[in-house]
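Order of listing sets the numbers, starting from 1, for every ligand and every atom in it.
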Amino acid sequence: METPTDPTPISHRISEGLSRVAMAIRSDEWTKAEATGLKPTQLAILDYLVGRKEAARVKEIAAHLGVSQPTATDSVAALERKGFVEKTSAAGDKRAAAIGITSAGRDALQAVGAVEDAATAAARTLPAQEQQDLLMSLVKIIRHLQEADAIPIQRMCATCRYFRPYQHKGAAKPHHCDFVNAAFGQSEFRIDCRDHETADPATRAATWDAFQEG
Ligand code: SF4
């Protein structure tokens, strides 16, 4: 039996803790999805499509969600039957199909987005500095998972071509986003930004080094 004097490594217990938080998030996702008659993957697809400037190919959707292409295809077909997405031409290739969200899909997403989930409510109970520290720790863990190819590249500042870490050294908002041309601080670091555009590998590595060095 595991006791306080004979614990598993802290890294293992952090992973256990994240798994418990993920359990609450999954439960919330099911509740939200069921309220709109959808599955969590279908809801995640709507969330991905809503902020995009252009329609997305199925392989892009699958890569973003970390699911297989057949799973993404099935989910897109179900959403299309409900009128939440529609097929259109891919940007730059009129013969290729791409998926765009409809106004009915936007309405469905807006309806579930108004409900605060349990994990967000729990995170809000932490003091501001603890929230910021936790956010930065999660960024580092997510970045490591990306580098290890355990998850696809996420739409976070650390991998974005618009991110300029510590461009305003010493300021309360030290970082800069070239997309909106504005400074921002650690607590405003984005994990899933709809304006994100993935930087090339060399830029990503250089940006991360600059971010780490501070
Ligand atoms: S566009 Fe979004 S992800 Fe990119 S740097 Fe700006 S806020 Fe961050």
Side-chain angles (χ1 to χ4, degrees), residues 18 21-22 25 29 41 43-67 72 90-92 98-101 105-106 109-110 112-114 116-117 119-120 123-124 126 128-214:
L18 290 173
V21 175
I25 292 171
E29 285 172 349
T41 304
L43 199 56
I45 290 173
L46 292 184
D47 192 48
Y48 174 60
L49 292 176
V50 74
R52 286 181 57 98
K53 300 173 200 80
E54 295 156 354
R57 308 278 288 270
V58 170
K59 70 176 179 189
E60 290 178 283
I61 295 172
H64 177 74
L65 265 58
V67 300
I99 314 301
I101 189 167
R106 286 176 196 278
L109 200 57
Q110 204 171 2
V112 294
E116 185 178 51
D117 56 63
T120 303
R124 206 157 36 76
L126 298 175
Q129 187 60 51
E130 283 186 33
Q131 288 188 37
Q132 183 176 302
D133 293 345
L134 180 56
L135 180 66
M136 285 303 111
S137 296
L138 288 171
V139 164
K140 288 176 185 170
I141 289 174
I142 292 167
R143 200 253 174 189
H144 190 89
L145 290 170
Q146 288 174 172
E147 293 301 305
D149 281 334
I151 57 171
I153 289 191
Q154 302 298 300
R155 300 186 295 184
M156 61 179 190
C157 297
T159 56
C160 181
R161 77 184 186 91
Y162 298 114
F163 181 42
R164 304 287 174 266
Y166 294 102
Q167 185 165 304
H168 313 285
K169 250 194 168 92
K173 293 180 180 237
H175 311 308
H176 196 86
C177 170
D178 268 358
F179 183 80
V180 289
N181 191 23
F184 68 98
Q186 295 284 75
S187 63
E188 292 152 316
F189 206 92
R190 307 290 292 272
I191 298 278
D192 189 24
C193 174
R194 288 165 180 170
D195 299 319
H196 174 276
E197 285 183 32
T198 305
D200 62 72
T203 304
R204 288 203 303 272
T207 299
W208 184 253
D209 287 347
F211 179 59
Q212 290 294 91
E213 283 164 17

Original post:
Within the distance-only criterion (no hydrogens, no angle test), does the side chain of Q212 pair as donor or acceptor with the backbone N or O of D209 below 3.5 angstrom?
Top reply: no

Original post:
Listing by chain and number, what protein N/O/S atoms are under 2.8 Å from atom 2 (Fe) of ligand 1?
Top reply: C193 SG

**OP:** Apply the side-chain hydrogen bond (donor to acceptor under 3.5 Å, both in side chains) test between H175 and each candidate in Q186, H168, R164; give the one that qualifies.
**Re:** Q186

**OP:** Enter the distance from L49:CG to L109:CG here, rounded to the nearest 0.5 Å.
**Re:** 9.5 Å

**OP:** Check each of Q146, H196, Q154 against T159 using the side-chain hydrogen bond (donor to acceptor under 3.5 Å, both in side chains) test, and report the only one that passes.
**Re:** H196

**OP:** Would you confirm whether the ring centroid of F184 sits within less than 6.0 angstrom of the ring centroid of H176?
**Re:** no

Original post:
Roughly how far, to the nearest 0.5 Å, is the CG atom of D178 from the CG atom of D195?
Top reply: 12.5 Å

